[in-house]
Amino acid sequence: MSAAAAAGAPARYRVQPGGRIAGALTVPGDKSISHRALMLGAIAEGDTHITGFLNGADCLSTARALGQLGVRIEQPKPTEVLVHGVGATGLTGSDTALDMGNAGTAMRLFTGLLAPQRFNSTLIGDESLMRRPMQRVVVPLAMMGAQIRTHDGRPPVEVRGTPHLRAIHYSLPVASAQVKSAVLLAGLYAAGRTHLTEPAPSRDHTERMLAAFGVELGHEGRSIALEGGQTLEGTSIAVPADFSSAAFFIVAACLAASPSLRLGNVGVNPTRTGLIDLLRRMGADIRVHPRPPGGSPGGEPVADLEIRASQLHGITVAEAEVPLSIDEFPVFFIAAACATGETLVRGALELRVKESDRLAAMAAGLEALGVENQLLPDGLWIRGAEGLTGGTIDSRGDHRIAMAFAVAALRAAAPIEILDVANVATSFPGFVETARAAGLGLEAL
Ligand code: S3P
């Protein structure tokens, strides 16, 4: 059982069919940005003050691990954190393994951060994380001189700290912000200038936040360059609401807003908002009201979103669009199931190695709700249905699968029961209350 489940989180949801989505709400802080604010704050000189922090199980795993590494972290309020930076060389080793829980981002970024330290570390996680591929970070880090052992490319990750890494030129084989970030963190400690090239843009929160901490980064076309040995200065970071959490309500509102839904203070970094483009192409009415720049320390663009219902139609998603909405596919597939016509997604192999195999989990769940679909090696084909049936869905312990099927109930003819939902607490504490406030007939059991 995961830590979230052990903490008494609900085991399943029952969602009544139908409903009307309306009002104004703000979803919790961004998970990716919260992890990074903790880690960069830890190795900075001086204090870092974080507001809008995601007080979810994943980010708390990162905070706990940093505590084991000798970093003092205060949390005066659930969404406010003060990190007392220890400087680049101030981390100290932990006698016990660092438990990342369900957090793939934490494990991959910590691998990069810990490789150049003067002590050894072991990284472990929950059942799901222990099955996820880590070789993708080990390969470039090993090229830098890091000494890392895995078990057949999977955790536990055993890092033998080596304070003599060398900068590399590396072309990422997959667009992955986690791999990019792990190499950048190691690159901060390496001798020379690290160059990274991505096959397609992935989220750039690490680059933006490094700049906020005073680090100089070069952007050369699609490459990023970082000189090792730079000092981070503690700063203030305002974490915007997580676009990936907002996504469930964006789709819910497209399906059933009356008259409209407003989502406040949402992070709209263009490397994250691909879902807006996909839904607009399907006919969605989504308005983005940017908040004035300067209001958000940390370098992330923020906006209020206003969504009205519309009849969606199916589309074909191009492979290059996949990284820009990588975490939104579970709920995007629900939009496709409720659209007229066919939707096709290819080039999304990465979805098979997330918290669950998201292609397989979504195909099985849609099948259970009477939606015709075909699981492809690297994607999913869906024929939109007039209405969905009710049914029982196995979320496979994946937070985003669970929340996506809660949204599906808006178009169902009978209740939907969703199993194994404890891990919703990893990214979206308060999901049940927020969903009910928006108009979903959701009950936690
Ligand atoms: C994340 C990057 C993405 C994303 C994950 C968070 C990050 O993973 O799916 O939820 O914070 O860097 P990949 O780097 O594997 O694409």
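This chain uses plain numbering: 1 for the first residue, then up along the sequence. Heavy-atom basis, side chains included; hydrogens, waters and symmetry copies ignored. Model, not experiment: these values are computed from the prediction. One-based numbering, in listed order, for ligands and for the atoms of each.
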Enumerated ligand 1 atoms positioned under 4.0 Å from heavy atoms of I326: 9 (O)
Contact (N/O only, under 3.5 Å) between S32 and ligand 1: yes
E207 bridged to R36 by N-O distance under 4.0 Å: no
Atoms in ligand 1 with a heavy atom of S176 nearer than 4.0 Å: 13 (P), 14 (O), 15 (O), 16 (O)
Sub-4.0 Å atoms of ligand 1 with respect to non-hydrogen atoms of T105: 1 (C), 6 (C), 7 (C), 11 (O)
Electrostatic pair K31:D242 at N-O distance under 4.0 angstrom: no
Heteroatom distance test (K354, ligand 1): nitrogen or oxygen, under 3.5 angstrom: yes
With D304, the side-chain hydrogen bond (donor to acceptor under 3.5 Å, both in side chains) member among R287, H289, R291: R291
For atom 1 (C) of ligand 1, the protein heavy atom that lies nearest, with its residue and separation: Q178 NE2, 3.5 Å
Identity and distance of the protein heavy atom lying nearest atom 10 (O) of ligand 1: D327 OD2, 2.7 Å
Heavy-atom side-chain contact between L226 and E216 under 4.5 Å: no
Non-hydrogen atom of R36 closer than 4.0 Å to ligand 1: yes
Side chain, backbone, both or neither: the part of H35 lying under 4.0 Å from ligand 1 by heavy atom: neither
Side chain to side chain contact (heavy atoms under 4.5 Å, CB included) partners for T150, two or more places apart: M134, Q135, V138, V157
Ligand 1 N/O within reach of V179 N/O, cut-off under 3.5 Å: no
Atom of I237, atom of A37 and distance for their closest heavy-atom approach: CG2-CB, 4.2 Å
Ligand 1 contact by K180, heavy-atom criterion under 4.0 angstrom: no
Steps toward side chain to side chain contact (heavy atoms under 4.5 Å, CB included) verdict (Y189, L113): CA-CA 9 Å; Y189 292 84; L113 179 61; 4.0 Å; yes
Contacts of R131 that satisfy salt bridge (charged side-chain N to carboxylate O under 4.0 Å, His left out) - sequence neighbours left out: none
Nitrogen or oxygen of K31 less than 3.5 angstrom from that of ligand 1: no
